[in-house]
Amino acid sequence: MTVLIKDIPKDDRPIERLINNGSESLSNSELLTILIKSGTKEKSAKTLAEELLKNVDNIHELKNLKLEQLKQIKGIGTKKAASILAALELSKRINNEISTLNDIKITNSSLVFKYYKNLIGDKLQEYFYCIYLNNSKKVIKDKLLFIGTINQSIVHPREIFKEAYLLSASGIICVHNHPAGSIFPSSEDIKLTNKLVEIGNLLGVKVIDHVIITKDNYYSFFENNDIR
């Protein structure tokens, strides 16, 4: 039997409990109930929240859900799914030590790690970004260029350097994640980095670093003297 929010005593409803006792007093399903807002004729917002949580092994996996996956739950349409994704993204950004790279001067690889660890550190596929820098090593722009698979990422140097020319960048920092959790570069990572350094030297766009990101750590080609 579906329990509707209106059938719950007012003081026990999620919003009222949040107001009276603080958000930390609410369960995961109650917090999701507030985000979902309303149910359907067949299911209450609370029931939808509980069904959503059954679709993941733990609360941390919510951040990996996509729009279409959320919409597969009957009763969660585009607007409800968008509200949930927006809340998850906002939480991710709040927890990020660096909210944006725009106009930041990159002085060390740990800055790169601090920004990207929450962005791609726990992704199940490889994401390849490039950070484009001016002569002062200030960020002009960072851009996601390629998404690969758990085992490989197909990276085209022409796309990397085309963007550099469009931005009049003088330097590049490459960034990608290792879904398997190892920070150490694969043989493919090393070959790619050497190739990009070689092309960059010919084109006058220096590849300053290549940083491999995991959830908890990073590997810098520059810091390990793999790029000179």
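- In this structure, D122 contributes its side chain and K215 its backbone to no donor-acceptor pair below 3.5 Å.
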| side chain to side chain donor-acceptor pair (under 3.5 Å) between D142 and Y116, worked out | CA-CA 11 Å; D142 76 310; Y116 282 101; 2.8 Å; yes

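- In the hydrophobic cluster analysis, where Ile, Leu, Val, Met, Phe, Trp and Tyr join through side-chain heavy atoms closer than 4.5 angstrom, L67 is grouped together with L32.
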Table please: side-chain donor-acceptor pairs of residues 200-214 below 3.5 Å, with sequence neighbours left out.
unit_1 : atom_1 : unit_2 : atom_2 : d
N201   : ND2    : V197   : O      : 3.3
D209   : OD1    : S220   : OG     : 3.2
D209   : OD1    : F221   : N      : 3.1
D209   : OD1    : F222   : N      : 2.9
D209   : OD2    : S109   : OG     : 2.7
D209   : OD2    : S220   : OG     : 2.8
H210   : ND1    : T193   : OG1    : 2.7
H210   : NE2    : H176   : ND1    : 2.9
T214   : OG1    : D216   : N      : 3.4
T214   : OG1    : N217   : N      : 3.1
T214   : OG1    : N217   : O      : 3.1

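- For the pair I104/K138, no side-chain contact is recorded, criterion being any heavy-atom separation below 4.5 Å from C-beta on.
- Although no hydrogens or angles enter the test, the distance criterion places no donor-acceptor pair under 3.5 Å between the side chain of N28 and the main chain of L31.
- More than 12 heavy-atom neighbours from other residues, nucleotides or ligands sit within 6.0 angstrom of CG on N58.
- For E68, the salt bridge (Lys or Arg N to Asp or Glu O under 4.0 Å) partners two or more places apart in sequence, or in a different chain, are K71.
- F113 contributes atom CZ, which lies 9.0 Å from atom CD1 of I183 (distance to the nearest 0.5 angstrom).
- No side-chain heavy atom of I147 sits less than 4.5 Å from a side-chain heavy atom of F128.
- The heavy-atom pair separating C174 from L196 by the smallest distance is SG-CD1, 3.8 Å.
- Residues R13 and E30 are not paired through a salt bridge, judged by the lack of any N-O separation under 4.0 Å between the basic side chain and the carboxylate.
- Under the 4.5 Å side-chain contact rule for hydrophobic residues, L52 and I34 do not share a cluster.
- Here the CD atom belonging to Q72 is positioned 10.0 Å from the CG atom belonging to L65, to the nearest 0.5 angstrom.
- The pair K46-E50 meets the salt-bridge criterion, since a charged nitrogen lies less than 4.0 angstrom from a carboxylate oxygen.
- The backbone N or O of H156 lies less than 3.5 Å from no partner atom in the side chain of E159, so there is not a single donor-acceptor pair.
- Scanning both residues, L48 and G75, for their nearest heavy atoms gives CD1-O, 3.6 Å.
- Taking CG from L124 and CD from E61, the interatomic distance works out to 8.5 Å, rounded to the nearest 0.5 Å.
- Distance alone, capped at 3.5 Å, is enough to place a donor-acceptor pair between the N134 side chain and the S136 backbone.
- Inspection of the N177 and Y129 side chains reveals no N or O donor paired with an N or O acceptor under 3.5 Å.
- A salt bridge links E163 with K141: at least one charged nitrogen is closer than 4.0 Å to a carboxylate oxygen.
- Residues I199 and I160 have side chains not in contact (no heavy-atom distance under 4.5 Å, counting atoms from C-beta outward).
- No continuous path of ILVMFWY side-chain contacts below 4.5 Å connects L18 to L53, so the two sit in separate hydrophobic clusters.
- Going from atom CD1 of I84 over to atom CD1 of I36 covers 4.5 Å, rounded to the nearest 0.5 Å.
- For D103, the side chain to side chain donor-acceptor pair (under 3.5 Å) test picks out no residue, with sequence neighbours left out.
- Hydrophobic clustering (side-chain heavy atoms under 4.5 Å, transitive across Ile, Leu, Val, Met, Phe, Trp, Tyr) groups L119 together with V139.
- Of the possible donor and acceptor atoms, none in the side chain of N21 sits under 3.5 Å from a partner among the backbone N and O of S25.
- Residue P179 comes nearest to E126 through the heavy atom pair CD-CG, 3.5 Å, listed as atom of the first residue, atom of the second, then distance.
- No side-chain heavy atom of V175 sits less than 4.5 Å from a side-chain heavy atom of Y218.
- To the nearest 0.5 angstrom, L85 atom CG is 14.0 Å from K80 atom NZ.
- Put simply, CD1 on I76 and NZ on K74 are 13.0 Å apart, with the number rounded to the nearest 0.5 Å.
- In the hydrophobic cluster analysis, where Ile, Leu, Val, Met, Phe, Trp and Tyr join through side-chain heavy atoms closer than 4.5 angstrom, L35 is grouped apart from I19.
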Worksheet entry | Derivation and outcome, side chain to side chain contact (heavy atoms under 4.5 Å, CB included), residues L133 and I172 | CA-CA 6 Å; L133 309 172; I172 295 173; over 6 Å; no

Assess whether side chain to side chain contact (heavy atoms under 4.5 Å, CB included) is satisfied between I131 and Y115, documenting all intermediate values. CA-CA 12 Å; I131 305 171; Y115 178 74; over 6 Å; no

